[in-house]
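Below, chain A is the first sequence line, B the second, and so on; all start at residue 1.
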Protein chains: 2
Amino acid sequence: MYAPERQQEILRLARDGGRVDVVSLAEEFQVTAETIRRDLKALDRAGLIRRVHGGAIPAGRLDFEPDLAERESTAADEKDRIARAALAELPAEGTVILDAGSTVARMAAAIPPEATLTVVTHSLPIAARLADHPGIQLHIVGGRVRHRTRAAVDAWALRAYGEIRADVAVVAANGFSVEHGLTTPDLAEAAVKRAALTAARRVVLLADSSKYAQEHFARFGALGDVDLLITDTGLTPEDAGDIERAGTEVVRA
Amino acid sequence: MYAPERQQEILRLARDGGRVDVVSLAEEFQVTAETIRRDLKALDRAGLIRRVHGGAIPAGRLDFEPDLAERESTAADEKDRIARAALAELPAEGTVILDAGSTVARMAAAIPPEATLTVVTHSLPIAARLADHPGIQLHIVGGRVRHRTRAAVDAWALRAYGEIRADVAVVAANGFSVEHGLTTPDLAEAAVKRAALTAARRVVLLADSSKYAQEHFARFGALGDVDLLITDTGLTPEDAGDIERAGTEVVRA
DNA sequence: CTCAAGCAGGCATGAACGGGCATCGGCGTG
DNA sequence: CACGCCGATGCCCGTTCATGCCTGCTTGAG
C-alpha cells in the first residue's frame with residue numbers, strides 16, 4: 001500500500017470515527033508508529049486533521065483552538081513577558097491595530113477589563129477574545145481567512161487598513177533582522193501586515209529572540225519601520241545595539 | 001479520550017447546562033480533579049468559559065439578542081432539527097452567506113467535513129467554527145463588532161455584501177410575520193441582514209416557531225424576500241398556509 | 001473568624017514524540 | 001544493464017506531554 005493511499009484511508013477512518021489513534025492505525029496498516037505519525041503530520045499540514053497527543057481528530061470538529069494552548073509550550077515564558085511589556089505601549093485611550101500572532105494574542109488576552117480602546121484586527125482568535133470586552137470598541141477587518149493563522153487577508157483586508165489611521169500597531173513577524181527586515185512565510189499575509197503598519201503612527205514589534213536573524217519568504221517592511229521592538233533577554237546586548245543604531249528602540253523583557 | 005476531546009465535551013456540557021463543576025466532571029470523565037482543572041484553565045485561556053470557584057460557566061455565547069444562556073437552552077431541540085434540515089439547502093458546491101444567529105451557528109457546526117463550499121459570514125462565532133474546516137473557503141466580512149451578537153456591522157460590512165453574489169443566504173430573524181416581515185432589535189444589524197439577503201440568489205430563513213408573529217424594532221425585509229422558511233412543528237399548519245400563500249415555501253422540521 | 005474545599009505549583013512516570021541515521025526498493029539515466 | 005538517486009520506512013534515543021500525586025496556600029460559606 002502506498003503512503004497516499006494509506007493517508008486517504010486514515011482520513012476516512014478519522015472522519016467516520018471522529019478520531020484515530022497512532023497505535024491502532026499502526027496495527028491496522030502493519031507499519032510502525034513512526035510511519036503513522038508521519039502520515040498524520042502530513043494530513044495535519046494539509047489541514048485535513050488536527051493532531052493531538054496519541055492520535056488525531058478530523059479538522060473542524062473542535063470549535064476551539066488547541067494550538068493556542070499548545071503554542072504556549074514554545075517559548076511560553078518569553079512570550080508572556082513580552083506580552084506584558086507590550087501592554088504598557090497601548091495608549092490610555094485611542095486606536096490600536098493588532099496583528100495576528102500568538103504573542104499578540106496573549107497581549108490581547110491580558111488587556112485589563114477597565115481599558116477603553118478602539119481595536120482593529122484581522123485576526124479571528126484575537127477578535128474572539130476581545131469581542132466581549134466591555135471597554136473595547138472592536139472592529140474586525142474582513143477578507144479571506146487563512147486556515148493556518150486564522151487571519152483575514154486579500155483585498156478586503158488591504159482596503160480596510162488603507163482607510164484607517166491608528167495610534168499604534170502591534171505587529172508580529174516570523175523573522176527579523178537589520179539587513180532583511182521583517183519577514184513571514186506567506187505573501188498574502190505579508191501584504192496585510194504591511195498595510196497594517198502603514199496605517200499606524202507608531203509601530204511596535206513583538207518578537208521573541210528566536211526570530212532574530214531568521215528570514216522567511218515574504219518581506220513586509222524594514223526594521224527601520226519599527227519604532228519599538230519588544231523581545232526577550234535571549235537577544236544579545238550587541239544585537240540589541242545594532243538594532244538601536246538602526247533607529248529602533250529595543251526593550252528586552 | 002484525548003484532552004482536546006474532553007475539553008470539547010466539557011465546553012458542550014457547560015453550554016448546555018449553563019455551568020459545570022470540577023468534581024462531577026472528574027467523575028464523569030474518570031480523571032482526577034487536577035486534570036479537569038487543567039482543562040478548565042485551557043478553556044478559560046481560550047476565552048470559551050469563565051472560571052469560577054469549584055467549576056466554570058460558559059463565556060463565549062454565540063447567542064442572539066435578548067438574553068444569555070436562557071436562549072441557548074430554549075428551543076434547543078427545535079433549533080437542532082431546523083439546523084439539520086437547513087443543511088440540505090446548502091449547494092453541493094458554491095457560495096453561501098451565513099447570517100449571525102444561534103440556529104445558523106448550529107447549522108454551520110454541522111457542515112460535514114467533506115463539504116466544499118465558499119462561505120461568507122459577518123458572524124465571529126460562525127467564522128471561528130468554520131476556520132479550520134478543510135473544505136471551506138471562508139471569507140469574513142469586516143466591520144464594527146457588536147458585543148451582544150459578535151457580528152460585524154456598519155460600513156465595511158455593508159460594502160462587502162454589496163460587492164458579492166452568493167448562491168444562498170441563510171438568515172435568521174428575531175421576529176417574522178406576513179404583515180411585518182423580518183425584524184430584529186438592532187438597526188445596524190438589520191442593515192447588514194438586508195445587504196446579505198440582497199446579495200444572494202436564494203434566501204433561506206431559519207426561525208423557530210416562537211419567532212412567528214413577533215415584531216422587533218428594525219425591519220430588514222418582507223417575508224416575500226424569503227424563498228424558503230425552515231421552522232419547527234410549533235407553527236400551525238394554518239399559519240404555514242398563510243405564509244405559503246405569500247410565496248414562501250415552508251418546511252416544518 | 002474558622003476550616004474544609006478548592007487551587008497552584010512542583011515533581012514523578014510512562015507513553016508519545018521527533019530528529020537523525022540506516023536500509024530498502026523502485027525508477028530514471030547514461 | 002549498472003548505477004546512483006530519492007522517497008518511504010524502520011530503528012534509536014533524548015525530549016516532551018498528559019496525568020496523577022503531594023504540599024502548602026487561598027477562598028468563601030457558614
Requested in this report: Inspect the contact between A:R148 and A:D186 and indicate whether a charged nitrogen and a carboxylate oxygen are less than 4.0 angstrom apart.
Outcome: no
Query raised in the report: In whole Å, what is the span from the CG atom of A:D39 to the C1' atom of D:dA8?
Result: 10 Å
Report task. In whole angstrom, give the distance that lies between atom CZ of B:R45 and atom C1' of C:dA8. Result -> 12 Å
**Report entry** Options D:dC12, C:dC17, C:dA8, nucleotide nearest the side-chain atoms of A:E34
**Finding:** D:dC12
Requested in this report: Specify the separation, in whole Å, of atom CZ of B:R37 and atom P of D:dA18.
Outcome: 18 Å
Query raised in the report: Just how far, in rounded Å, is C1' of D:dT26 from NE2 of B:H53?
Result: 8 Å
Query raised in the report: Yes or no on side chain to side chain contact (heavy atoms under 4.5 Å, CB included) for A:L98 and A:V171, after CA distance, side-chain angles and deciding distance?
Result: CA-CA 6 Å; A:L98 298 186; A:V171 299; over 6 Å; no
Report summary line: Between OH of A:Y2 and C1' of C:dG25 the distance, given in whole Å, is 11 Å
Report task. Could you check which of D:dT9, D:dG20, C:dA16 has an atom nearest any side-chain atom of A:V23? Result -> C:dA16
**Report entry** Gap between atoms NZ and P, on B:K41 and C:dG9 respectively (whole Å)
**Finding:** 6 Å
Query raised in the report: More than 12 non-hydrogen atoms from neighbouring residues, nucleotides or ligands closer than 6.0 Å to CZ on A:R252, yes or no?
Result: yes
**Report entry** B:R6 side chain near D:dT19 phosphate (N/O to OP1/OP2, under 4.0 Å)
**Finding:** yes
Query raised in the report: Has A:K193 got its NZ or CZ under 6.0 Å from the middle of the six-membered ring of A:F220, at an angle within 45 degrees of the ring axis?
Result: yes
Report summary line: Of the listed D:dC22, D:dG10, C:dG18, the closest approach to the A:R51 side chain comes from C:dG18
Query raised in the report: In terms of side-chain heavy atoms of A:T35, which of D:dG10, C:dG9, C:dC7 is nearest?
Result: D:dG10
Query raised in the report: Any donor-acceptor pair under 3.5 Å joining the side chain of A:R38 to the base of D:dG10?
Result: yes
Query - d(CD1, B:I36; P, C:dA5) in whole Å - result: 19 Å
**Report entry** Evaluation steps, side chain to side chain contact (heavy atoms under 4.5 Å, CB included), between B:L90 and B:L117
**Finding:** CA-CA 9 Å; B:L90 299 182; B:L117 281 171; 4.1 Å; yes
Query raised in the report: Once you round it to whole Å, what is the distance between P of D:dG10 and CG of A:L25?
Result: 13 Å
